[in-house]
Amino acid sequence: MRTLLRHVHKSWTTAFAPAEEARLPGIDVFGDGLPFGRLLASVAESRAVVSGDTGIPHLAVAHAAPSVTLLGRVPPGRGGPPVRPRHLVLWHPGPDGDPQGRRPAPVLLRIRPGDVLDAPGRLLDPS
């Protein structure tokens, strides 16, 4: 399984440094962006897409790819993926954040790394 990591803001570089340094097989880190056609193909071919609330989850839904979406600024009913078994949302209730904010919403930061790491397995093998 290949994992694609993409960042869109220079301040996020430290978040991707561990993935780059680990040099794990099957991980691609695209620090300068990813051509849209390759992004579409990667999403369409994915066993599962794990992403923050960006355009990526919408592409996963459009391509019927299972997805795990981390939400923090707005509740799932206001922009999350459809409620279907193949789409899982990680979210904690709390006050809405600024959708265009420059800092992570406090409720987004309440999502534990273990929850994110376990989510694809729960999605692909719900037993």
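Reckoned from all heavy atoms, side chains included, excluding hydrogens, waters and symmetry mates. Positions are given from 1 along the sequence.
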Nearest-0.5 Å distance, CG of residue L108 to CG of residue L70: 6.0 Å
Shortest non-hydrogen contact between L40 and H63, atoms and distance: CD2-NE2, 3.7 Å
Minimum heavy-atom distance between S51 and I56, given as atom pair plus value: OG-CB, 3.5 Å
Using a side-chain heavy atom cutoff under 4.5 Å and only I, L, V, M, F, W and Y, what cluster partners does V89 have? L71, W91
If every non-hydrogen atom of S46 is compared with every non-hydrogen atom of S42, which pair is closest and at what distance? OG-O, 2.5 Å
Looking only at heavy atoms, the pair that brings L90 and I111 closest together is O-CD1, 3.3 Å
For P120 and V50, the nearest pair of non-hydrogen atoms, with its separation, is CG-CG2, 3.7 Å
Evaluate the criterion side-chain contact (heavy atoms from CB on, under 4.5 Å) for residue pair T69 and H87; output intermediate values, then yes/no. CA-CA 8 Å; T69 305; H87 306 296; over 6 Å; no
Judged by atom type as modelled, is there a donor-acceptor pair below 3.5 Å linking the side chain of H92 to the main-chain atoms of R110? yes
Pairwise distance CZ(R112) to CG(L117) - rounded to 0.5 angstrom: 11.5 Å
Same cluster or not: L59 versus V49, using hydrophobic residues (I, L, V, M, F, W, Y) connected whenever any side-chain heavy atoms lie under 4.5 Å apart? yes
Considering all heavy atoms, the nearest V107-G94 contact: CG1-CA, 3.8 Å
Whether R86 side chain and S67 backbone form a donor-acceptor pair below 3.5 Å: no
